Amino acid sequence: QVQLVESGGGLVQAGGSLRLSCAASGLTFSSYGMGWFRQAPGKEREFVAAISYSGGNTHYADSVKGRFTISRDNAKNTVYLQMNSLKPEDTAVYYCAARRTSYGNIAITEADFSPWGQGTQVTVSS
């Protein structure tokens with residue numbers, strides 16, 4: 001059974017940084033692209049960042065480009081999201097997800113990802 005467990009969320013002041021981690025088990029981690037999504041209160045879940053199975057390709061939402069960095073450590077079965085220069089509008093529950101299919105091109109739409117983690121809350125105060 002595939003499990004994704006996020007950690008690292010919390011409360012931070014605007015301009016601060018957080019690093020989210022997502023530990024994966026039950027799958028050949030190095031064969032799957034990974035993604036981070038977020039859902040703010042009253043809004044739909046949205047794409048944040050994605051990384052290919054090898055880590056060689058990444059893609060970001062325009063809203064986080066230049067501030068967030070996605071990375072992975074295939075030896076540790078973990079994907080990370082380094083978030084710098086945080087803004088109040090970054091406040092959301094952040095979810096990691098694995099691509100439905102192994103290998104392939106980088107994916108950025110929700111339908112391409114399953115399963116999902118339980119989410120971790122990130123709150124940025126102004």
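Values in this document were obtained by computation on a predicted structure and should not be read as measured data. These numbers come from the heavy atoms of this one structure, side chains and all, not from hydrogens, waters or symmetry mates.
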Decide yes or no on side-chain contact (heavy atoms from CB on, under 4.5 Å) for K76 and F29, but give the supporting numbers first.
-> CA-CA 9 Å; K76 294 183 178 180; F29 182 74; over 6 Å; no
Closest contact, heavy atoms only, A14 versus S126 = CB-CA, 4.3 Å
side-chain contact (heavy atoms from CB on, under 4.5 Å) between Y95 and R45, intermediate numbers included | CA-CA 9 Å; Y95 300 89; R45 190 157 54 186; 3.7 Å; yes
Can you hop from Y80 to M83 via hydrophobic side chains spaced under 4.5 Å?
-> no
Go through the steps to decide whether F113 and F37 satisfy the test ring-ring contact (aromatic ring centres under 6.0 Å, His included), and finish with yes or no.
-> CA-CA 10 Å; F113 290 88; F37 292 75; 5.2 Å; yes
Do Y103 and Y32 have ring centroids that are under 6.0 Å from one another?
-> no
Do any N or O atoms from the side chain of R38 and from the backbone of T91 form a donor-acceptor pair under 3.5 angstrom?
-> no
Tightest non-hydrogen contact, residues A24 and L4, listed as CB-CD2, 3.5 Å
Verify the cluster assignment for Y53 and V79: are they in a single hydrophobic cluster under the rule of side-chain heavy atoms below 4.5 Å apart?
-> no
For the pair T120 (side chain) and G9 (backbone), establish whether a donor and an acceptor sit closer than 3.5 Å, ignoring hydrogens and angles.
-> yes
Looking only at atom types and distance, does a side-chain atom of R72 sit under 3.5 Å from a main-chain N or O of S54, one as donor and one as acceptor?
-> no
If you take all heavy atoms of C22 and M34, which pair is closest and at what distance?
-> SG-CE, 4.4 Å
Establish whether V12 and L81 are linked, either directly or via other cluster members, by ILVMFWY side-chain heavy-atom contacts under 4.5 Å.
-> yes
Under 4.0 Å between a Lys/Arg side-chain N and an Asp/Glu carboxylate O for K87 and D90?
-> no
Quick one: pull up CG in L18 and CG in N84 and give me the separation to the nearest 0.5 Å.
-> 9.5 Å
Test side chain to side chain donor-acceptor pair (under 3.5 Å) applied to T78 and D73, step by step | CA-CA 5 Å; T78 301; D73 185 338; over 6 Å; no
For residues 1-15, the side-chain hydrogen bond (donor to acceptor under 3.5 Å, both in side chains) pairs (sequence neighbours left out) are E6-Q118
Shortest non-hydrogen contact from G26 toward V2 | O-CG2, 3.5 Å
Measure across V64 and V48 and return the closest heavy-atom pair with its distance rounded to 0.1 Å.
-> CG2-O, 3.6 Å
For the pair S52 (side chain) and N57 (backbone), establish whether a donor and an acceptor sit closer than 3.5 Å, ignoring hydrogens and angles.
-> yes
Atom pair OG/CG of S25 and N77 - distance to nearest 0.5 Å = 8.0 Å
Smallest separation among heavy atoms of Y60 and T58, with atom names | CE1-OG1, 3.6 Å
K43 atom NZ: more than 12 heavy-atom contacts under 6.0 Å | no
Between Q82 and S71, does a side-chain contact (heavy atoms from CB on, under 4.5 Å) hold up when you go through it step by step?
-> CA-CA 8 Å; Q82 177 66 44; S71 62; over 6 Å; no
Are the ring centres of W36 and F47 closer than 6.0 Å?
-> no
